[in-house]
Amino acid sequence: MKKSKRTMAERSNTLRAAVLGSNDGILTVVGVLFSVAVATTNTFVIFVAGISDLFACAFSMASGEFASVSSQKDTEKSAVEKERELLKTNYDDQVATVASFYQERGVTPETSKKIADELMSKDPLKTIVRVKYDLELGHYMSPWDAAFSSLIAASLGGLFPLVAMTVLPTNWQWPGTIIAVILSVGLTGYLSAKLGDGLVKTAIVRNVIVGIITMIIHYSVGILLK
């Protein structure tokens with residue numbers, strides 16, 4: 001049986017999880033790296049701390065996405081079953097709901113009724129679910145897709161500061177890591193704005209500011225605990 005094509009909402013959900021995972025991976029790992037690097041110049045110790053946090057962050061993000069999207073999927077399925085029962089017990093009201101949906105969008109009452117009757121005669125459950133919940137019947141958010149994309153993105157995001165801090169020459173470790181973080185969080189800000197139809201410049205600036213504050217806080221913590 002041919003697998004149905006994923007909807008835009010499903011693809012957006014997977015991309016959203018990836019962007020959030022990447023951003024968390026960057027900021028979480030750089031926070032640990034800055035705190036540890038202040039206390040020691042031993043590159044191996046810094047690397048172990050960073051890679052440990054990277055894996056912890058990646059799996060934490062993945063499990064969080066899995067739980068969150070699973071809950072959303074259960075809610076969507078519950079809504080579909082509710083509408084399935086309402087179609088059996090209160091069909092006329094369901095037709096009226098569809099007609100009202102089109103009237104609110106400028107269609108005349110007479111035409112709205114005809115549209116509702118035609119759509120409900122063909123596939124009533126699919127019609128009412130789309131009208132009431134903006135859901136595509138049979139297309140539920142995948143917790144596995146969200147978890148996997150978040151896991152990979154968080155891991156890749158955390159690699160930027162980790163590589164900069166542990167691979168670059170000693171005199172470039174700090175400035176290189178700062179630059180890597182600013183560029184990477186700027187990129188995730190850009191992607192999040194594009195996915196959410198938001199203000200690109202605002203999202204980038206906000207992410208960069210958060211990244212800088214994160215580095216300052218963890219550097220300060222490292223100094224205090226040194």
Side-chain angles (χ1 to χ4, degrees), residues 11-66 68 144-226:
R11 292 194 295 271
S12 295
N13 184 64
T14 302
L15 289 171
R16 175 201 58 79
V19 170
L20 291 177
S22 178
N23 202 58
D24 273 23
I26 295 163
L27 296 180
T28 303
V29 171
V30 76
V32 170
L33 289 174
F34 269 41
S35 297
V36 175
V38 170
T40 178
T41 57
N42 188 312
T43 303
F44 181 70
V45 172
I46 296 171
F47 175 78
V48 170
I51 197 72
S52 299
D53 184 70
L54 186 150
F55 282 117
C57 173
F59 281 100
S60 175
M61 285 296 297
S63 62
E65 282 292 338
F66 184 83
S68 175
W144 288 107
D145 284 352
F148 185 72
S149 64
S150 184
L151 175 71
I152 298 302
S155 300
L156 293 176
L159 282 177
F160 283 100
L162 181 62
V163 169
M165 183 62 80
T166 59
V167 174
L168 290 176
T170 304
N171 59 323
W172 272 98
Q173 282 181 338
W174 288 95
T177 304
I178 292 170
I179 292 171
V181 169
I182 289 174
L183 291 176
S184 52
V185 295
L187 177 60
T188 58
Y190 171 82
L191 292 175
S192 65
K194 284 295 184 180
L195 288 174
D197 230 5
L199 299 174
V200 172
K201 184 177 179 181
T202 301
I204 292 174
V205 171
R206 180 173 57 238
N207 263 26
V208 169
I209 290 174
V210 170
I212 291 172
I213 292 173
T214 299
M215 289 186 281
I216 291 172
I217 290 173
H218 284 87
Y219 179 83
S220 301
V221 170
I223 291 291
L224 291 172
L225 298 177
K226 186 175 179 181

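For this chain, numbers begin at 1 and follow the sequence in order. As the structure is a prediction and not an experimental result, all values here were calculated from the model.
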(message) Holding to side chain to side chain donor-acceptor pair (under 3.5 Å), I want the full list of residues that pass it with Thr188, two or more places apart in sequence or in another chain.
(response) Asn23, Asn207

(message) Restricting to non-hydrogen atoms, name the atom on Ile204 and the atom on Tyr190 that form the minimum distance, rounded to 0.1 Å.
(response) CG1-N, 3.7 Å

(message) Between Ser150 and Ala18 (side chain of the first, backbone of the second, donor and acceptor by atom type, cut-off under 3.5 Å), is there such a pair?
(response) no

(request) For the residue pair Gln173 and Pro169, establish whether any side-chain heavy-atom pair is separated by less than 4.5 Å. (result) no

(request) Heavy atoms only: give me the nearest Leu168-Gly176 pair and the separation to one decimal. (result) CD1-CA, 3.6 Å

(message) Between Ile178 and Met215, is there a side-chain heavy-atom distance shorter than 4.5 Å?
(response) yes

(request) Specify the closest pair of heavy atoms between Met61 and Asp24, including all atoms of both residues, with the distance to one decimal. (result) SD-OD2, 2.9 Å

(request) Mind checking side chain to side chain contact (heavy atoms under 4.5 Å, CB included) for Ile46 and listing every partner two or more places apart, or none if nothing turns up? (result) Leu33, Val36, Ala37, Thr40, Met165, Thr166

(request) With sequence neighbours left out, write down each residue that passes side chain to side chain contact (heavy atoms under 4.5 Å, CB included) with Val167, or none if nothing qualifies. (result) Val163

(message) The criterion is side chain to side chain contact (heavy atoms under 4.5 Å, CB included); which residues satisfy it with Leu54, sequence neighbours excluded?
(response) Val29, Ser155, Leu159, Leu162

(request) Go through the structure and list residues passing ring-ring contact (aromatic ring centres under 6.0 Å, His included) with Phe66, not counting sequence neighbours. (result) Trp144

(request) Rounded to the nearest 0.5 Å, what's the gap from CG on Leu191 to CG on Leu20? Could you check? (result) 11.0 Å

(message) I need the minimum non-hydrogen distance between Ser60 and Ser63, along with the two atoms involved.
(response) O-OG, 2.9 Å

(request) Might you point out which heavy atoms bring Gly186 and Val208 nearest each other, and give the distance in Å? (result) CA-CG2, 4.1 Å

(message) Just verifying a value: how many Å separate Ser22 OG and Leu187 CG, rounded to the nearest 0.5 Å?
(response) 7.0 Å

(request) Quick one: list whatever passes side chain to side chain contact (heavy atoms under 4.5 Å, CB included) with Ser52, sequence neighbours left out. (result) Val48

(request) Name all pairs fulfilling the ring pair (Phe, Tyr, Trp, His ring centres under 6.0 Å) condition that reach into residues 149-179, sequence neighbours left out, sorted by first residue then second. (result) Phe34-Trp174, Trp174-Tyr219

(request) Measure across Ala180 and Ala164 and return the closest heavy-atom pair with its distance rounded to 0.1 Å. (result) CB-CB, 4.1 Å

